[in-house]
Asker: 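Here's a structure for you.
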Amino acid sequence: MNTLWHDMSLCAPALIMGAGALVLMMLEVLLRGPWPRAGVAGLFLIAALVSTLFVNQEYEVGQTILQGFIYADPFAAFFNLLICGGALLALMIGESYLQREGIEARGEYYALYLFSTTGALLLCNSAELIMLFLSLEIMSMALYCMCGSALAVRRSAEAALKYFFLGSFSSAFLLYGIAVLYGLTGTMQIGAISTAISYKEPILAMIGVGLMIVGLVFKIGAVPFHFWAPDVYDGAPTPVTAYMACVVKSAAIGVSIRILWVCFGALFPLWAGSVWTIALLTMVVGNVFAVKQRSVKRMLAYSSIAHAGYIMMAFLAQGGTYEGGAAALYYLVAYTVMTLGAFAVLLAVTQGPGGGAFSDDISKFNGLGSRRPVLAILMSLFLLSLAGIPPGMAGLLGKFYVFSAAIKSGYVGLAIVGVLSSAISCFYYLRVIVAMYFVEDESSEVSPVLAAPSAYFHGAIAVCAAGVVFLGIFPGWLYSFAAQVTERF
Amino acid sequence: MSEFPLLSSIVFLPLVGAILLYLFPGFGPRQDPESRAVRAFSMVVTLITFVLSLLLWGGFNPQNTGYQFVENKIWLPSFGITYHVGLDGISLFLVLLTTFLMPIVVLASNSVEKKVRGYLASMLVLQSAMLGTLVALDMFLFYIFWELMLAPMYFIIGVWGGKRRIYAALKFVLYTVFGSVLMLVGIFYLVWAYYQQHGVVTFGLESLARFNGLSVQEEVWLFAAFALAFCIKVPVFPFHTWLPDAHVEAPTGGSVVLAGVMLKMGLYGLIRLAYPLFPRAAELFTPYLAGLAVIGVVYGAMVAWAQKDIKKLVAYSSVSHLGYCVLGFVAFNTVSAAGSIYQMLNHGISTGALFLLVGVLYDRRHTREISEYGGLAARVPIFAFLFLVFTLSSIALPLTNGFIGEFLILAGSFQELPGFTIVAVAGVVLGAVYMLTLYMKTMYGEIDEAKNGALTDVSMRELVTFAPLLALVFIMGIYPKPFLNALEPTIKNYIRVVEERRQMLKSSAPMRTRQVAEDQAADEKISSVSDKSKTALDALIVKRSKV
């Protein structure tokens, strides 16, 4: 009994989050009229975040709880923090938008939001393949609904349906891979598979590993399994896009690192080639396709594909300090703050989904530098950081660590392709700056800027900006934390 | 080392100034009194920086050939990255050039009409970045400052530039970024090679410049990666196409900084990083670099001759002049290298002044077409006089600063690379041709009263802008001793160190250790992977037994 309580307490973040989702659903039924749904959801997120800080002390390397279903190790702790923090920020930037567009009023959105976040948390903590699959589905199912939550907008419904079909398809791949692996090793435990798996059955191992990688890479949104991403990111309400680009992507990358390094660590030569290819394609395709986008939202979607490519490059360099682990985790944090920041500004600048096909057009940014100087400066900071140009130091250091890890592990060619594609990325990030500062706003009617973004919004964007600056000047603590977390699993 | 951090305060003072400038009270519309205050504030900041940098010169000991005013603080301990700055004779004068030109640029900013605050803030950030690049002794720090130069210049061209400013700004950034990202790969390769041999991660320039574990082939690739970044910045001949666009579209101040200081960063990078780090590859590349430099000299001059736009002409003349500087440096003897650095200072002064003069004309007539002018000497005599002096300095007339630099370069290079030097001399003649033609066409002949009759001569403020440049043209032309005295020991020592290192690397047995080390590392990796899974299993078993 004590063990159970102890295990449950270690699971507190996910439990609080799940409970929060249920409470929100309940309250929706009981309360009539408007009530602060976002506030209550935010409170649960904060509670989960705080509980993470408390239980982190008891997380140890290799520790599993609840009959070996859940990891309670430092790696899980890192992702608990990242996911709770990211979800909180994404909630804060989207809150006023959702209210304005009437998405919140229908009630179920925030419950779904918490369900999805619960799934993301469990995904990074799962120590068992069935658990992994279930949490992936919890995360995704809620997400499918969230994508379609702008009922009046056809693109939103299209995005949801597309995501649902392709997502189910990829889940099937994952499930098939799990089945093969189970047949091969006779166990579902990630830790046990890592020792049981070998080259004895190379074909089966290849099939199992390959199918798992397909399923996971789909969630990351890497090429060639990225086709859903631009359409879904574009069609979903922008706050959902921000959430997908940061939180969901973080969770998918976290679980991929764990699966590849722990579960298939011994089979490195078997999957290195495919991950190498995927990373390369992802960086090139993401950056090249982003160049021709006129919609800033779509551009950010492709940019998030490209960034996933940089991070996947780090998958090839197993290890903590100086290696891919620390690099990927640092990158994820930097990526989360800068992307959320960029989405926040996008939310403030563009109108709602009802604004027609070109509502996220880059021309919405024309002359922002003189209309809203502070917003424009922050956007420049986020974009420069995404491009990896100082003063956007957080993104620069992220790339610095990732490329450093790749070159240290001998992937010089991949790194060269990476840096060249990252140079391409300067083009489309800078184009937004061109619009904000270099182009005078000639249209007589000044596009309406969100009248008064809420205090939440200001808080979130301030946190993102502070994060970009702070991570850029003092990256050491986060890097050593990330190194320590990925040193041993 | 608890002294006052003079070097850091010089580097970061403009940056702090820029931040204060942005937070300046009165965020509202940019009215005249406000922009006057903004200008005054920037002027004070740049002047203080200049005075502080004079203290550097005062405190600089020319006989000490090592780095001076060194500050070394740990920044990112896990990566061995330090905040390591220092100064030697080479960087000292480029720092002085930067701090000297900035107040002039601020003074010349009155032609900027909109968003003066942003313009000057960008300039100040740019100054910090340039100064940081010049004093950084840590490769990472160097890279950060190097890249930090991009964003402010991008804004300066893009917001305050001419008609095709967006194109020019993007071209400038993309060219430079493509070059420098490959350099980043090179830096990492070098750092990890060093790590394999010595087991220490460091980005310190001094440690890496003593590293001897690279094969010649690796050196060649790394040198190529570094040299590409620097050649784009200089710009050396085939990589120069961004420069005319950037120059023509940039506002006057931007052109002055671009020509005066930023182009020198490319050559400075070759001097500070590429040559000391990869001496053998540098030797192999010398004929190619010299060849490109000479092509740049002649081609730049010929293209300049054909220009119809004054500013474009001056821009191409920069390509030509920087060609001399590169030639002088790659010839690699004390005389020519000293000349090369001296010529960088001269070019900063005379070309900076020429861009300012073009700016003066443009402010009045809003055209830069040569055919629009003619016979100005009679109407604006002071302007004509200034134009003449800087033209002569640019074509290296004796008694002007340009002569000393070009003479040293040609005299020194002739000993090492006679063939290239003979061709480069043709550039001297061509230089005289296009500059004097320009002078003749604009200043002499019949004046077109309708167009240029109302031209006014340089104002008091403009005269104040030009006075220090004018003085330096003659001081550096007649009495170059204080400059060369401070330069010479550093350069002698620099060349000796690089040559010795080259000999040492050549004489040491062909490096096989690295290959062996690589194989070992690969073996270790495979074993560490299986170790990892083993430890995970062990941990799991222990946990289970606890439960």
Asker: For the aromatic rings, using the six-membered ring if either is Trp, is the centroid distance between B:F226 and B:F278 under 6.0 Å?
Answerer: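 Centroid separation for B:F226 and B:F278: below 6.0 Å.
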Asker: A:S380 and B:F155: which non-hydrogen atoms are nearest, and at how many Å?
Answerer: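 Taking A:S380 first and B:F155 second, the nearest heavy atoms are OG-CZ, 4.4 Å.
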Asker: Tell me, for B:V173 versus chain A, whether the close heavy atoms (under 4.5 Å) come from the side chain, the backbone, both or neither.
Answerer: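 Interface part for B:V173: side chain.
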Asker: Please flag which part of A:L396 lies under 4.5 Å from any non-hydrogen atom of chain B: side chain, backbone, both or neither.
Answerer: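 When you check distances to chain B, only side chain atoms of A:L396 fall under 4.5 Å.
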Asker: Go through the atoms of B:I144 and report whether side chain, backbone, both or neither lie under 4.5 Å from a heavy atom of chain A.
Answerer: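 Both parts, backbone and side chain.
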Asker: For the interface with chain B, which of A:I433, A:I424, A:L384 has the highest count of heavy-atom pairs at distances below 4.5 Å?
Answerer: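 Of A:I433, A:I424, A:L384, A:I433 has the most heavy-atom pairs under 4.5 Å with chain B.
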Asker: What part of A:F400 lies closer than 4.5 angstrom to a heavy atom of chain B: side chain, backbone, both or neither?
Answerer: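 Both backbone and side chain.
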Asker: So for A:L397, is it side chain, backbone, both, or neither that comes closer than 4.5 Å to the heavy atoms of chain B?
Answerer: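 Side chain only.
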Asker: Which residue out of B:V181, B:L150, B:V177 racks up the most heavy-atom pairs below 4.5 Å with chain A?
Answerer: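 Option with the top pair count is B:V181.
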Asker: What about the rings of A:Y479 and A:Y401, do their centers lie closer together than 6.0 Å?
Answerer: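 When the ring centroids of A:Y479 and A:Y401 are compared, they turn out to be within the sub-6.0 Å range.
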Asker: Given a strict heavy-atom distance threshold of 4.5 Å, which part of B:L170 is in contact with chain A: side chain, backbone, both, or neither?
Answerer: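 Side chain only.
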Asker: Please look at A:L430 and chain B and tell me whether the side chain, the backbone, both or neither of the residue comes under 4.5 angstrom of a heavy atom of that chain.
Answerer: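 Both backbone and side chain of A:L430 come within 4.5 Å of chain B.
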Asker: Ring centroids only, cut at 6.0 angstrom: are B:Y143 and B:W146 within range, meaning strictly under it?
Answerer: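 Here the rings of B:W146 and B:Y143 have centres that are no less than 6.0 Å from each other.
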Asker: Establish, yes or no, whether the cationic atom of A:R258 lies under 6.0 Å from the six-membered ring centre of A:Y71 and within 45° of the ring axis.
Answerer: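 Pair A:R258/A:Y71 counts as cation-pi.
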Asker: Hey, what's the ring geometry for B:F145 with B:F12, parallel, tilted or perpendicular (30° and 60° as the breaks)?
Answerer: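 Tilted, since the angle between the ring planes falls between 30° and 60°.
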Asker: Give, as side chain, backbone, both or neither, the part of A:S404 having an atom under 4.5 angstrom from any heavy atom of chain B.
Answerer: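 For A:S404, backbone and side chain are both near chain B.
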Asker: Name the region of B:A225, side chain, backbone, both or neither, that has any atom closer than 4.5 Å to a heavy atom of chain A.
Answerer: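 No part of it gets close to chain A.
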Asker: Determine, using ring centers only, whether B:W242 and B:F172 are less than 6.0 Å apart.
Answerer: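 Yes, close enough.
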Asker: So what's closer than 4.5 Å to chain A heavy atoms on B:I187: side chain, backbone, both or neither?
Answerer: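 Contact with chain A: none, neither part.
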Asker: Under the side chain to side chain donor-acceptor pair (under 3.5 Å) criterion, do B:E218 and B:Y189 qualify, and how do the steps go?
Answerer: CA-CA 9 Å; B:E218 284 172 312; B:Y189 192 89; 2.7 Å; yes
